[in-house]
Each structure stands twice: as C-alpha cells, then as structure tokens.
2 protein chains.
Amino acid sequence: MRPTVHDIAAEAGVSLATVDRVLNNRPGVRSVTRDKVERAIATLGYVRDVAAANLAKGRSYPLIFILPEGENAFMRGLEAEVEAARARSAVERTDISILSVPAFDATALADALDEACSREPAGVAVVAVEAPEVVAAVGRLREDGIAVVTLVSDLTGSERDHFAGVDNIAAGRTAGSLMRRFLGGRDGPVAIVAGSMLVRDHRDRLEGFSAAVSEGADTRHLLPVVEGHDDPTEVETLVQDLLAAHADLAGIYSLGAGNRGLIAALEKAGRQSEICAIAHELTPYSRAALISGTIDALLNQDAGHEVRSAIRVLKARADGLSMIEAQERIRIDIFLKDNLPVEPA
Amino acid sequence: MRPTVHDIAAEAGVSLATVDRVLNNRPGVRSVTRDKVERAIATLGYVRDVAAANLAKGRSYPLIFILPEGENAFMRGLEAEVEAARARSAVERTDISILSVPAFDATALADALDEACSREPAGVAVVAVEAPEVVAAVGRLREDGIAVVTLVSDLTGSERDHFAGVDNIAAGRTAGSLMRRFLGGRDGPVAIVAGSMLVRDHRDRLEGFSAAVSEGADTRHLLPVVEGHDDPTEVETLVQDLLAAHADLAGIYSLGAGNRGLIAALEKAGRQSEICAIAHELTPYSRAALISGTIDALLNQDAGHEVRSAIRVLKARADGLSMIEAQERIRIDIFLKDNLPVEPA
DNA sequence: GAATTTTTGATGTACGTAAATCAAAAATGC
DNA sequence: GCATTTTTGATTTACGTACATCAAAAATTC
C-alpha cells in the first residue's frame, strides 16, 4: 500500500498539520522540522494522491489556448480538437477557453498573452510567432507562475515549459529525403512554397529540406522560396507562376498550409502526375489529393495528440509534477496513399 | 458545477441510498424507481467521478500482460515498456504482472490465458497467436467479465474488447509502396522474409505488401516467402541463401523480427547499398543499419504507445467507460535516417 | 387484514488530502 | 525570567463516492 500523509507524520514524528504545512508549503515551520518531514517523504517514497487532493481542493484547471484565426485547415482542425477536449472538461477537471488572434501578427499575439495572463489561468498553450515582444509576454506569464506550452510552432529563447509539436527540422529533412528518392535520376528544379518565414516551424522545415534534398551524387537545383501566407488563393497564384516559368519543374515542396491552392494549380495545369509534390498536414483536401495522386507524400502532425499532450503537460506543470517524456514526443507521420487512416482526419 | 449523487437524489425525489443502489446496480429497487433515477441521471447529465469512486473503493486495477519469450528485440522493448508502466503503478492505481510464454505456441498461450483468468484480474493484454484454442480462452476471460486487449498481433473471431496495435495490412502496403518508389525503374526480384505465418500481423503485412509493390506499369517479381521465426541466426542463413541464389536481387522486405540476421547477411555479402531493404521495428540494431544505409526504410510501431494505450483501454473497460478513439489508434511510423527520434528507442 | 416480503430512507464511516481553528508548547527578545 | 512571537499539535469539516446497517414504509401473499 502506498504511504499516506499519516504515515509521514508518524515517520517524521510530527503531527498531520505539520506535514500538511510542509506539503503545501504553508508558513510557520522551522527548517529543522521541514527537513525531518522531507526526509520522511523521501524514505517512504510518498507521492501525493493527486486525485484525492483535487477532490479535496475542488480543483479545476483553467487553461487558455491561443490560436491563429483564418481559414487554414490545419488550424481549424486544431481548434476542433481543443473543442473536443473542452467537451471532456468535466471528466478531466479542465476549464478550457480559446483566444483567437490574427495569424502571423506578433503584436496581437503578445496582447493576447497579456490578456490571458490577467485571467490567471493554470496554464496557457500558444501557437507562437517568433518575436521579442512575444518572448517577453511569455516571460511575464511564467513569472506569474502560469505554465506555458508552445503548440505547433515553438518560441526560441522563451521561458516556455514545453513545446508540443514536431521536430520541424527533421520533418523538412524527411521531406527532402523522400523528394530525392522519389525523383530518382530525374532532372529539373524543385520549388519550395512556404507560409511565412516569421514562424519557426516553417523556417525549420526549409532548413531540413534544403539539407536533405541533395545528398551524395544527387544534387538538385532549388528555386528561391516563395511565401503564400497559408492562403489558398495566394498559394494558387504563386504555383501557377512557378509552373509557367519552369517547364521542367520536377518537384514542389509545400511546407506551409494553403494546399488547396497548390492542388488546384497543379491539376488545372494538368501536371499533377509529372511533378512530385510533397506537402504538410492531412486535411480533407490534401487527403483527396494524396489518393488521386496529385500529392505524392504528406507529412502530418496529429493535432489531437498535440492538444491532448499540451493539456497533460500543463496540468502536470500546474501540479509541479513530471511527465512521461516519450509519451509527449509528437511524431512526424508520413502518409502515402497506402497508409491513410480510415476516417477523414 | 457538475452534478453529484446528491443532485440526482433530489431531482429523482429519492434518497441517496437508492441512487447508490441504482448506480452500482445493487438489488432491491423497483423498476419504476430505477427509471426515475435513470431519468434524473440523463437529464442532469451526471457522470460518476471516477477519481472519487476509486478513492472510496480503494480500487486498484490488477492487469496481466502476456508476452512471448525469446530474444526478439521488439518484444523485449515491449516488455521494458510494461515494466516502465509498472513503475507508475502507484500513481495510476494499476497492479501489473507479466506472464511469459514461448513464442508462436498456441497451446502455451491458451494455458497462460486460463492461468490469467484464474487470478481474476481486471484486464488482460495479450500478444495473440491465431488459433481456435486461443480464441476459446479469450472467450472464457470475457465471460468472467475480464477485459481483454490484444497487443501488437490481433485475434480474429475473438471476443477481445480492443486491439492495441497497428493496421498491419496498411503497414505492408506502405512498405510495398516505398519499395516500388525507391526501386524506381530498377529490375530484379524482391524477397520477403517473415517470422511466421501463424501470427496475424505477419500475414497482414504480407498481404498489403504484395498488393502494393506492383502497381500500374511497375510489376515486380516476388520470390516465395521464407520464414525465419524472428530468430536472427535463422534469418541470417535464409538471407545468405537468397543472396547466393539471386545475383540480381533488387529488394528485401523483412516483415518480422530478427533483423540482426538480415543486416549481417547483407553487410557480409557487401550488397547493402545495391539492395533496397525495408524492415520493421526500430531497435538499436535496425537504427544503426538505417543510419549506415544498409536498411533504407523502417516501419515502426511505438511499443510505449501500445502499452499505455492497452492500459488506458483496460481501465476504461473495467469501469464500463468509453475511450477517445483517435487517441487509441496506434500509428505506423515510417523512419528514414532523416527523421529518427533522438534517443535510442 | 394480518403476516410477510420487498423496497426505500436515514445515517454513519471510510478513502486520502486540504484547509481551517484553537490551544499548547517551544523558541525568541530584552 | 517574563512577555512575546513563532512553531507545533489536536481536531474538525469537506470533497464525491462506496458500502454497510437498521428502521420505516410500501407492496405482496394468503
């Protein structure tokens, strides 16, 4: 049987009240006594029964998710997952609210973070935009003892507790490696369409892709990166221009969102089978394009996993507990048309 | 605030004791009264607070894992994950024990299942071998109200509650598709090394692979399947023979374990770079081979995820609760040397 | 309609922790 | 060494549920 507070009190030779004072670091305990209790905790291997504690406290975990607005299908899927988690609030003792901010707007994001801070939640999950004011706002949250997890896109140099997202350099490398192998000996340049170089995840993917697409004897000419701001219409125009300018285009790597535009441009030009297209995120559109063959491979991060992981980590941090590292590593899914999950995801 | 048993009692106009009788279906309640209570539960949307209930009951979940013996690296990794889960027993209220049985031995497995049954656990997770006596033994467990989850390899026709493993047909298809694309226009036959056609997962992978490796203009000669029983030594001999017999061998698909043998044979023959090798399961050996280039792609199922998922499902089933479907879908990881996770897994 | 059985109510204790109160003891200042 | 402050102990209530007991009420049987 695992030890209880009573056992600690007995072991340390103090009263229950003192144990409680130490455990919840309330004032009024001499450091000698505190040490005695802490030693008893260590020798007995006591771990607080979080369920019982939450029951006694009537605790719930107020959490805030800050997500970008816009018709980015992946982000809307992410929001749907947050909503799904909200539906489980009763069981999971969470109280989740969502703040929407304009995409790629550092100032708005920093303001939202401050707004979140003023609501005094237990934790905040945020899709980061890399900018000094955002880093600063995250720092203020942490100073107030609020747990912060970056979601999907990380924030270098910040005090965030954890990043719930994939290793985007590895994702880019994987895309590059697949592109290289799928193209085999074929000639022709490869185009890269990004969303914005302002977000960390896109920059990382680009870095990884560029490094991996050429290796050994395989060298490949990469066209300059174009930015479509995750907007389908903008992406379609950009890809149309690329197709027109390069009759020998061998491949396209779309490392952001707005894949509807990519798919439309390729299919309208009738070059979907000759060009190897690799993109990110499984959405209804990209799924259909993968099945039809317009897209050759799709890298995906499971939004549901990211949201659930963020919640687990935020709760654990709020309780000062550790997490299962391996469980919180978000993996890069590679989808070919052969291993698509059954239900539309 | 979520409703409690008191709220139900008030709403239904009965006493707390009666609500308790209904909730834990104890005898001595007229069906009219039972209906009243159930309607109150429905209208208030009451969900039992599992944490509080477990606290009151002092409940723990005795679980039994039945795993195959032998030096199969994946299975040893799986066992390590079960041990890791055991270390978390206190927090998770589980009481996990492990039964080891000889691999591919249906009789021994059925005996182990009966042994597990006699210990009256809350749930059993089992790496299945497909055989009628195993199906029957699982049926007996279910009849006794014990939850059963198949792990890694499923059991067709059985009453198991859930399968914690990957879609092995899709895994095979994926391997076939990668093989086809990686080989490109290259000629030469492809060999297939299996563990045993007795286990469902191997049969499924073979089926998927055969279907996907040839598509459209790409037709590929497949050599007859050989069985290495997941034993490195046996596999090495088999692959040596294959290499000797087929000078023009283009690819090898190893759909079972024993990859050390495959790697050794390829490297001793010095044909690791000319032959496209695709295998399953990330182990220290296969990881090294992927980095060195001996293996070109590795399909993996995350043993840690499978174990944690099995535990979640068994606990939920024991409580008569539902699970988050998407969370319990085990995905097929595709590893190239570019997206290997950092720590040795 | 009396005797019996079945159903329901009322109440208390327990689980492990949190949090509060008030009294007692110990340490501190001067 | 006395007054004061700080530290500690003892005790109680609460969280939401489970489970047991005993009495009271209602339904059933003959």
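Nucleic acid contact for G28(B): base, since at least one base atom lies under 4.0 Å from a heavy atom of the residue. Here A17(A) lies in heavy-atom contact (under 4.0 Å) with a base. Nucleic acid contact for N24(B): sugar-phosphate only, since backbone atoms but no base atoms lie under 4.0 Å from a heavy atom of the residue.
Nearest-nucleotide positions on DNA chain C for R34(B) and R2(A) put R34(B) closer to the 5' end. A residue-by-residue look at V14(B) and H6(A) shows that V14(B) has its nearest nucleotide of DNA chain C further toward the 5' end.
Proximity of R26(A) to the phosphate of dA19(C): a side-chain N or O atom is located under 4.0 Å from OP1 or OP2. Contact annotation: R48(A) reaches the phosphate of dA18(C) (side-chain N/O to OP1 or OP2, under 4.0 Å). When the side-chain nitrogen and oxygen atoms of S15(A) are compared with OP1 and OP2 of dG9(D), one or more of them lie within a distance under 4.0 Å. Proximity of T18(A) to the phosphate of dG9(D): a side-chain N or O atom is located under 4.0 Å from OP1 or OP2.
Distance D20(B) CG to dT11(C) C1': 13 Å, rounded to the nearest Å. Atom NZ of K57(B) and atom C1' of dT13(C) are 17 Å apart (whole Å). Computed from coordinates, the N25(B) CG to dA18(D) P distance equals 11 Å when rounded to whole Å. Put simply, CG on L16(B) is 10 Å from C1' on dG9(C), counting in whole angstrom units. If you measure from atom CG of L23(B) to atom P of dA18(D), you get 6 Å, rounded to the nearest angstrom. The nearest whole Å value for the distance from the CG atom in D49(B) to the P atom in dG16(D) is 8 Å. In this structure, the CD1 atom of I41(B) is 11 Å from the P atom of dT17(D), given to the nearest Å. One atom, CG of N54(B), and another, C1' of dT17(C), lie 16 Å apart when rounded to the nearest Å.
For R21(A) against dG9(D), a side-chain N or O and a base N or O form a donor-acceptor pair under 3.5 Å.
Checking each of K57(B), R59(B), R312(B), R48(B) against D319(B) for a salt bridge (Lys or Arg N to Asp or Glu O under 4.0 Å) leaves exactly one that passes, namely R59(B).
With 3.5 Å as the limit, one finds no donor-acceptor pair spanning the side chains of E69(B) and S100(B).
Between P62(B) and P121(B), the shortest heavy-atom contact is O-CB, 3.3 Å. Between A40(A) and E11(A) the shortest heavy-atom distance is CB-CG, 3.5 Å.
Enclosure of atom CD in E83(A) by more than 12 non-hydrogen atoms of other residues, nucleotides or ligands within 6.0 angstrom is indicated.
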